[in-house]
Amino acid sequence: MHFKSHIFPGRSLQGTVFPRNKQGIKQFSSLSIDESCTPTITDLISKQHWSKLKTHVQNADPTTVLQQLLNSGADPELNLRYLTWSQREFKLSQSLELTFRILHSLALAKKYSKIRSFLDKFVKDEKDYSVSAVFHAISLSGDSFCVKSIVADMLVLAYVRNLKTLRGFEAFKRAGDYGFKLSVTSCNPLLSGLVKEGKIRDVEFAYGEMIKRKIELDVISFNTVVNGLCKVGKLNRAGDLTEDMKVWGVSPNVITYNTLIAGYCKMGRIGKMHKADAVLKEMVAKGVSPDEVTYNILIDGFYKDENASGATRVFGEMQRKGLKPNVMTYNILINGLCSDKKVDEAVALWDQMVSSGLEPNVVTHNTLLNGFCKNKTVNEAIKLFNDMAKKGVDPNARTYTTLIDAYCKDRRLEDAFALRDSMIDRGVFPEVSTYNSLIAGLCRKGDVEAAMKLMDEMAGKKLNPDIVTYNILIDSLCNRGESRTAVKLLDEIFSKGLNPTHVTYNTLMDGYCREGNLRAASNVRKRMESKGKQANVVTYNVLIKGFCLKGKLEDANGLLNEMLERGLVPNRTTYEIIKEEMMVKGFVPDIEGHFYNVSGTDSKRK
DNA sequence: GTAGGGTTAG
């Protein structure tokens with residue numbers, strides 16, 4: 001018997017005009033429903049007799065059938081099953097209204113996991129639905145405001161978990177418009193997603209909204225926002241937030257403090273490790289005990305600040321406190337020693353690590369491998385690389401990239417490309433950085449054509465050039481005295497949605513400086529600053545060098561003063577560039593490397 | 001299952 005004739009014998013469904021309820025959803029009159037029909041359909045759905053169901057409904061409008069099911073009060077789970085089946089079978093999208101009415105009824109029945117998995121698929125292949133249309137559908141989906149909030153909440157989470165953070169944020173805002181109450185369970189991942197995408201303004205907006213909407217923020221919410229603020233260098237705001245959270249009855253925990261410490265460590269400011277140490281003292285004073293992570297962050301911070309003795313001191317303190325160094329601690333130490341060119345000590349530490357019962361992981365291997373490479377002992381690196389296979393530590397893309405880069409820098413391009421082939425053979429997929437190393441190698445050789453060919457190969461593998469790729473190209477052009485061509489790449493960078501980094505601008509400035517075009521260099525600086533990027537130490541080094549080369553020592557000195565006033569720490573290069581000139585002008589460096597003006601009355605210029 | 005730490009390319 002045919003489904004169509006079952007419901008409305010002798011009438012075409014499509015032509016039927018149904019009365020609408022107040023929400024504008026078509027409704028069946030109870031009189032027009034053949035009571036025996038829905039049980040048949042629900043029975044077929046529950047038994048998953050899809051082909052029978054298909055013959056049953058094929059001449060009916062699938063949407064109308066869905067409405068029929070909804071209004072018959074059938075099990076929402078079966079309605080959902082019919083919904084997904086009909087969409088797949090008839091290659092159509094059921095209306096948002098009906099879809100969310102089903103979700104509403106599922107939520108009423110507390111079948112949350114069904115909703116979760118449905119929404120997961122929904123946000124994955126949702127076509128042109130605007131978030132506002134979806135929210136309109138939610139608002140019409142039923143009577144229970146509370147249940148609608150739950151569905152909205154799950155929708156936000158579904159967006160975020162499927163990396164559609166922007167839509168998640170949009171949904172978060174819409175939820176506010178409708179007054180739906182969201183939970184920290186979805187807001188926290190949203191905050192976290194926004195932080196990962198560097199959308200700190202949105203993070204701050206969402207945070208403010210959460211407070212306004214009286215969503216009870218937990219320690220994770222605060223820590224996520226603190227982390228976001230730290231990532232963009234807003235350390236003061238991050239610190240304030242740590243105070244604010246107490247007002248909301250949430251106490252900072254070890255993760256809050258670790259995040260702050262890491263924030264200070266990553267900042268290129270003068271006295272940053274002093275600040276980091278201050279946070280450490282503060283947390284102890286507040287009764288929060290530092291853990292392994294705290295010490296790992298500090299050790300790494302001291303090494304990156306080129307303060308090996310500080311790092312050693314903290315490492316000792318960690319052990320005195322009874323905290324056991326873990327694999328990551330050793331990785332940090334080994335990396336620190338390698339960057340301090342003390343590869344032998346790094347190897348000794350590796351042995352110490354092994355004898356303490358810890359197993360070097362792939363990062364440990366990559367770190368030491370890199371140490372060997374950077375210290376011109378590529379053969380040692382190869383030995384270590386071969387050891388990995390024996391020990392069953394799988395090399396990853398970074399392992400290969402490190403070696404490939406070393407080969408390239410060693411002008412062994414053939415070996416580099418052979419390694420690229422071998423990694424592919426072993427199922428390790430090259431990354432953009434792998435190609436970047438190879439492109440840089442070819443550029444160094446002056447083989448721009450081959451570099452371009454490699455870019456095509458990347459495109460074929462769906463690997464998009466990143467900002468480093470462009471920086472390499474820019475550097476290569478600048479080295480050939482084609483800074484004017486290089487600067488044109490900036491537009492292309494923006495058009496690809498990439499953001500130039502300090503390196504990008506600094507490389508261009510360096511190019512112009514070496515061409516003696518200080519005016520163009522300072523224009524690049526202006527352009528950089530107009531994008532909200534302040535000159536960093538390298539910027540100053542490049543410009544100071546440019547001025548020195550032109551004999552404009554007054555200007556060079558002015559730049560040095562400017563960088564000191566801005567709290568930037570001149571590095572070894574800065575001093576190497578200007579040492580002679582500065583000494584001539586009556587400045588001598590002190591032990592810490594800061595200049596005293598011995599001829600003037602100025603106090604120490606830090 | 002939710003928040004913090006380490007390795008590559010410029």
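In the text below, chain A, chain B and the rest are named by the order of the sequence lines, each starting its count at 1.
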Next on the checklist: Using a 4.0 Å cut-off on heavy atoms, which residues in residues 395-421 of chain A reach DNA chain B? List them by number, or say none.
Outcome noted: A/R398, A/T401, A/T402, A/D405, A/K409

Next on the checklist: Considering every strand and a 4.0 Å limit on heavy-atom distances, what is the contact class for A/T469: base, sugar-phosphate, or nothing?
Outcome noted: nothing

Checklist outcome for this item: Closest of B/dG10, B/dT7, B/dT2 to the A/N188 side chain is B/dT2

Next on the checklist: Just to verify, what does A/S433 make a side-chain contact (heavy atoms from CB on, under 4.5 Å) with, not counting sequence neighbours?
Outcome noted: A/T401, A/E431

Item to check | With A/L166 via side-chain contact (heavy atoms from CB on, under 4.5 Å) - residues at least two apart | outcome: A/K199

Item to check | Residues within residues 297-317 of chain A bordering DNA chain B, heavy-atom distance below 4.0 Å | outcome: A/I297, A/D300, A/K304

Checklist entry - Under the salt bridge (charged side-chain N to carboxylate O under 4.0 Å, His left out) test, which residues partner A/E482, sequence neighbours left out? => result A/R480

Item to check | Closest nucleotide among B/dA9, B/dT7, B/dA3 to the A/I255 side chain | outcome: B/dA3

Item to check | All salt bridge (charged side-chain N to carboxylate O under 4.0 Å, His left out) counterparts of A/R527, not counting sequence neighbours | outcome: A/D491

Item to check | For A/E359, all residues meeting side-chain contact (heavy atoms from CB on, under 4.5 Å), sequence neighbours excluded | outcome: none

Item to check | Between P of B/dT2 and CG of A/N253, the distance in whole Å | outcome: 15 Å

Checklist entry - Does anything in residues 350-397 of chain A pair up under ring-ring contact (aromatic ring centres under 6.0 Å, His included), and if so which pairs, sequence neighbours excluded? => result A/W350-A/H365, A/F385-A/Y400

Checklist outcome for this item: Sorted by chain and number, sequence neighbours left out, side-chain contact (heavy atoms from CB on, under 4.5 Å) with A/V487 holds for A/L490, A/L508, A/Y512, A/V524

Checklist entry - Between B/dT7, B/dA9, B/dG10, which one does the side chain of A/N366 approach most closely? => result B/dT7

